[in-house]
Amino acid sequence: MREKLLKPYNPQKTEERIYKLWEDSGFFNPDVCVEKGITKANAEHFSMVLPPPNVTGNLHTGHALMLVIEDIMIRQARMQGKKTLWLPGTDHAAIATQSKVEKLLEKEGIHKNDLGREKFLKRVEKFAKESHDTIVNQAKKMGATLDWSREAFTLDETRNLSVKTAFKKMYDDGLIYRGHKIVNWDPKGQTVISDDEIVYEERKNKFYTFKYGPFEIGTTRPETKFGDKYVVMHPKDKRYTDYASGQKIKLEWINGPIEATVIKDEIIDMEFGTGVMTITPWHTPIDFDIAERHKLDKEQIIDKYGKLLPVAGEFAGMKIADAREKIVEKLKTKGLLISVDENYVNRIATAERTGGIIEPQIMLQWFVDVNKKISAGKNKLQPKSLKELMLEPVREGKIKIIPNYFEKVYFNWIENLRDWCISRQIWYGHRIPVWYKNNEIYCDLTAPEGPGWVQDEDTLDTWFSSGLWTFSTLGWPASVKTTAGQPEKTGDLKTYHPTTVLETGHDLIFFWVARMILMSQYLLGEVPFKTVYFHGMVRTTDGRKMSKSLGKKAIDPLSIIKKYGNDALRMAMVVGNTPGNDLKLNENDIRGYAKFANKIWNVARFVLENIEDFKVLKIADYDNEDKKSEEELNALMEDITKEMSEYRFSIVSEKIYQYFWHTFADVIIERSKKKILEKKNVISAKTLIYRHLHILLRALHPFMPFVTEEIWSMLPKEKNNLLMVEKWPFDCAQGKHHAN
RNA sequence: GCGCGGUUAGCUCAGUGGUAGAGCGACUUUUUGACGUAAAGUAGGCCGGGGGUUCAAUCCCCUCACCGCGCACCA
């Protein structure tokens, strides 16, 4: 009996030592497991990439939840003898990281332009490195058995090669094009962003109605109205049958008389306002579409700093917010203001990362064409669009999404998907591998020979590199050899791709999950993963999403671990938490599971005290009630193994908890006391409690790895393996229980 | 506007076509030997409202209400 068992379980004194044992064993690396005979060389694989945390700071409870669920899957797979890889990495998170560093510099009174591209990037890299180290340390404290030897970064050299390779192939296939389109310009971040990076905020905005010649037009944005020389109405609107398409009308406007042209278009909602509107094609997506359809002029009104251009006459150079009221005032003086609705509410598009108000602009940018049909990969005979490549595997069940209702959300998104804008006017990120010289354009992995070539200044959307993550981390493109015209995978890519499961938050379904499916389908002709498991968002007890802005209200995972232990936090995050549903993390629950860890500890003490003289550890001749208990335990193991294969961690953790405490401890141990005291069926009793502990520790290990590993080290047994590589107590394939 | 999820014990949440479950909390008892971070026990629920299918509905279908979320539009 070890001394330390005599005191209550102390996670603080245990966890760091245990993690070091695991790490030193090398078993996080599947190759080591094979070398040491833990895993068979030809074993089935189980692989998962870690959703790479952004290098913008610390890990929060959301990360903790992710690490816990993934570590549970990985530990079980490893115990089941699978060749198990959990691949770690971090995300450079382009805009997020750059704007974070910009803010830090701001405090020093420095603007990034003062430093210049190179010096600024050095600062960002320094910051990213520090964040990376913090993140890795925290992940280790959380007990994650990630294979650190394979760690990757979305912006390292290998990943840069994969990004350039992917870009070039898409460019050559005509899937990436450069064009003038209306895009989401963020005046604050001074970059374009994709549709998915927009966050809408409801705000009260004055809704003005102006007299526009014979019409009345409504707007929330008078400052864009300078260029409005087209007035649009529905062709079937009976109120305006007197006006013909193309008809010119002279009218008085902000800066004097103008000539407006009547346009008829069915997109107009006759019910809205007066059924007449003027359009600003340069700054409104829907107006842009109308202008394209009718081949109308487009004129820029607002520059990229959010200031009015000379077209605004006396208002030129003014900022939007300042100009708006003044323009209204002028129109009012001219008798053109009809009414103002003070209580109008509409949605404002803001940039996710900077909070800047999006000003749509027509700009020259790079796009991924999602509708063009190409005969790439395995679809040589039947050309397919990227949209189809994204839809098919989910529709056909090659990718299963848990919970399955997210499949509908996924389909809905793809069906409404527009071309993906991938260029960003920021410095931190993968530089676009395109060079220009006069009118020539050159796209390749390296710069073209000869003088005069200038590389595109822009970088790529961070999700472009994230989309490659399941295979760029496994060595692609180097790990694809082309023999006899057939691409053939080698190395890690061959062994571990498609990955078994992707576990992530449902907020990443479009940003990341869809893009990974796109990239893998297109570049490898296969799915990136077979199952997607979405966890919910972690919330505070009052229901708010946990984030740093909450300050003290947010629970810091590391301080919880310090207080209650890792195992307790893990259980609190798993029990009662079903996929897709948000989790309200409650300190009471965590405290409860800390008690459970202690309960396990005390049970172990009792069992070990009573089997010290006990040499024969094989299945004995049980008496009837013990035999029944053994069978009940076996049935439970079979049951939870099946539940685990269906990713029902909530149920499994609860069942083991219940059985351990209220059957093993409360019934079986109490019964054994009596038998041992009365010296009746002692062998049966001792065998039963030993085997229960032996089996339950293994079943509990993925959920509560630290306390179970610590107790395991004290158990009398033939081999001295770490529990993390012991056998899971039920073999699904063979229907066998692993006795010892 | 289109769509998705939720509504179960005081709180946080599981769950199932056939007498309703857990944790925490509350209350009562127990200083017995693994554990007081414990044990034994008790109380507490028309499973959101209404309708339907069924021998049987908390569960399946329809509908309403409220809460949360996503997408689109917003001149």
Side-chain angles (χ1 to χ4, degrees), chain A residues 1 5-9 195-196 198 200 202 205 207-210 212 215-221 224-225 228 231-233 265 267-269 271-280 284-287 290 344-349 403-413 415-417 506-507 509-510 536-537 539 541 543 545 564-565 568 571-572 574-578 580-610 648 650-651 653-655 657-658 661-662 665-666 669-670 672-673 676-677 689 693:
Chain A
M1 180 66 106
L5 257 186
L6 297 175
K7 291 177 192 152
Y9 175 59
D195 295 345
D196 304 285
I198 289 176
Y200 290 97
E202 288 219 329
N205 248 323
F207 184 83
Y208 305 93
T209 305
F210 298 117
Y212 189 80
F215 307 107
E216 288 180 11
I217 56 155
T219 186
T220 51
R221 302 205 54 194
T224 64
K225 294 290 151 193
D228 291 14
V231 58
V232 192
M233 58 211 73
D265 195 296
I267 199 154
I268 297 296
D269 177 2
E271 308 290 312
F272 192 95
T274 57
V276 179
M277 70 174 195
T278 58
I279 58 168
T280 315
T284 310
I286 198 155
D287 296 1
I290 294 172
Y344 187 76
V345 175
N346 71 345
R347 293 198 316 171
I348 302 288
N404 62 2
Y405 57 77
F406 275 109
E407 290 181 3
K408 287 183 196 160
V409 179
Y410 181 78
F411 293 143
N412 186 266
W413 178 77
E415 278 151 19
N416 296 314
L417 189 61
H506 61 74
D507 53 336
I509 183 167
F510 309 136
M537 305 292 108
R539 292 180 190 281
T541 37
K545 193 171 164 180
Y564 299 106
M571 283 297 275
V574 172
V575 181
N577 178 22
T578 47
N581 285 333
D582 292 349
L583 169 72
K584 281 185 192 164
L585 195 58
N586 188 326
E587 199 165 333
N588 272 338
D589 291 347
I590 303 168
R591 194 180 305 123
Y593 294 112
K595 290 183 187 176
F596 179 50
N598 192 51
K599 185 75 183 180
I600 300 171
W601 190 253
N602 288 315
V603 165
R605 179 191 306 151
F606 177 84
V607 173
L608 291 178
E609 270 176 358
N610 283 284
R648 289 155 61 92
S650 164
I651 276 279
S653 50
E654 197 177 332
K655 278 184 179 172
Y657 175 95
Q658 283 298 315
W661 200 316
H662 300 300
D666 291 349
I669 288 201
E670 290 306 317
S672 76
K673 280 184 194 166
I676 291 166
L677 211 67
I689 58 170
L693 182 63

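Sequence lines set the chain letters: A, B, ... in the order given, protein chains first and strands last, and positions in each chain run from 1.
The side chain of A/Phe510 approaches B/rG70 more closely than any other nucleotide in the set B/rC35, B/rC74, B/rG70. When the nucleotides B/rA40, B/rC74, B/rA34 are ranked by their closest atom to the side chain of A/Asp666, B/rA40 comes out on top. Of the candidates B/rA14, B/rC71, B/rU37, the closest approach to any side-chain atom of A/Glu654 belongs to B/rA14. Across B/rC24, B/rG23, B/rC74, the shortest atom-to-atom separation from the side chain of A/Asn588 is found for B/rC24. Among the nucleotides B/rG23, B/rG70, B/rA14, the one closest to the side chain of A/Val409 is B/rG70. Of the candidates B/rU37, B/rA34, B/rC73, the closest approach to any side-chain atom of A/Ile286 belongs to B/rC73.
Of the side-chain N and O atoms in A/Trp661, one or more sit less than 4.0 angstrom from OP1 or OP2 of B/rA39. Contact annotation: A/His662 side-chain N/O to B/rA38 OP1/OP2 distance is not under 4.0 Å. Dashed line: the shortest gap from a side-chain N or O of A/Thr578 to OP1 or OP2 of B/rA14 is under 4.0 Å. Side-chain N/O atoms of A/Lys599 include none lying less than 4.0 angstrom from OP1 or OP2 on B/rA38. Between A/Asn610 and B/rG33 there is no side-chain N or O to OP1 or OP2 distance below 4.0 Å.
Among the protein residues, A/Thr220 comes within range of the sugar-phosphate backbone only, with heavy atoms under 4.0 Å from sugar or phosphate atoms but none that close to a base. As judged by a 4.0 angstrom heavy-atom cut-off over every strand, A/Ile279 is placed among residues making no nucleic acid contact. Using a 4.0 Å heavy-atom cutoff across all strands shown, A/Glu670 reaches at least one base atom of the nucleic acid. No contact: A/Arg591 has no heavy atom under 4.0 Å from any strand. Residue A/Ala597 is classed as having no contact, given no heavy-atom separation below 4.0 Å to the nucleic acid. Among the protein residues, A/Asp287 comes within range of no part of the nucleic acid, since none of its heavy atoms lies under 4.0 Å from any strand. No contact: A/Tyr9 has no heavy atom under 4.0 Å from any strand. Heavy atoms of A/Tyr405 sit under 4.0 angstrom from primed sugar atoms or phosphate atoms, though from no base atom. Contact annotation for A/Asp269: base contact, defined as any heavy-atom pair under 4.0 Å involving a base atom.
Taking all atoms of both residues into account, the shortest heavy-atom contact from A/Thr274 to A/Glu216 is OG1-O, 2.5 Å.
Between B/rU19 and B/rC24, the two P atoms lie 28 Å apart (nearest whole Å). Only the P atoms considered, B/rU63 is 11 Å distant from B/rG3, to the nearest whole Å. Spacing between B/rA14 and B/rG5 at atom P, rounded to whole Å, works out to 15 Å. Only the P atoms considered, B/rU16 is 39 Å distant from B/rU29, to the nearest whole Å. Comparing the P positions of B/rU58 and B/rG68 gives a spacing of 28 Å, expressed to the nearest Å. Across the P atoms, B/rA57 and B/rG50 are found 14 Å apart, a figure rounded to whole Å. Taking atom P in both B/rC47 and B/rC11, the straight-line distance is 16 Å, to the nearest Å. Rounded to whole Å, the P atom of B/rC13 lies 39 Å from the corresponding atom of B/rU32.
At least one donor-acceptor pair under 3.5 Å links the side chain of A/Arg605 to the backbone N or O of A/Leu5. Between the side chain of A/Asn416 and the backbone N or O of A/Asn412 there is at least one donor-acceptor pair closer than 3.5 Å. Side-chain atoms of A/Asn598 never come within 3.5 Å of backbone atoms of A/Ala594 as a donor-acceptor pair (strictly under, hydrogens ignored). Here the side chain of A/Asn205 pairs no donor or acceptor atom with the backbone of A/Val345 at under 3.5 angstrom. A donor-acceptor contact shorter than 3.5 Å links the side chain of A/Asp287 to the backbone of A/Thr280. With hydrogens and angles ignored, the 3.5 Å screen pairs a side-chain donor or acceptor of A/Thr219 with a backbone N or O of A/Arg221.
Computed from coordinates, the A/Tyr593 OH to B/rU12 C1' distance equals 10 Å when rounded to whole Å. Going from atom CE of A/Met571 over to atom P of B/rC13 covers 18 Å, rounded to whole Å. Here B/rG23 presents its P atom at 18 Å from CG of A/Asn577, a figure rounded to the nearest Å. The distance between atom CG of A/Asn586 and atom C1' of B/rA14, rounded to the nearest whole Å, is 15 Å. Computed from coordinates, the A/Tyr410 OH to B/rC69 P distance equals 25 Å when rounded to whole Å. Residue A/Asn581 contributes atom CG, which lies 5 Å from atom P of B/rA14 at whole-angstrom precision. As a whole-Å value, the separation of A/Lys673 NZ from B/rA38 C1' is 10 Å. Taking atom CD of A/Glu609 as the reference point, atom C1' of B/rC35 lies 11 Å away to the nearest angstrom.
Annotation for A/Glu271: atom CD does not count as buried by contact number, only 12 or fewer foreign heavy atoms lying within 6.0 Å.
Among the duplex regions that RNA chain B forms, those built from at least three successive Watson-Crick or G-U pairs under 3.5 Å are B:1-7 with B:65-71, B:10-13 with B:21-24, B:26-30 with B:38-42, B:48-52 with B:60-64, ordered by first number.
Aromatic pair A/Tyr593/A/Tyr657: centroids less than 6.0 angstrom apart.
Using modelled atom types, one finds no donor on one side chain facing an acceptor on the other under 3.5 Å when comparing A/Asn610 with A/Ser672.
With hydrogens and angles ignored, no donor-acceptor pair closer than 3.5 Å exists between the side chain of A/Arg648 and the base of B/rA14.
Both A/Asp195 and A/Gly275 sit near RNA chain B, but only A/Asp195 has its closest nucleotide nearer the 5' end. Between A/Thr284 and A/Ser650, the residue anchored closer to the 5' end of RNA chain B is A/Ser650, taking for each the nucleotide with the nearest heavy atom.
Between A/Trp661 and A/Phe596, the angle of the ring planes stays under 30°, which puts this pair in the parallel group of the 30/60° scheme.
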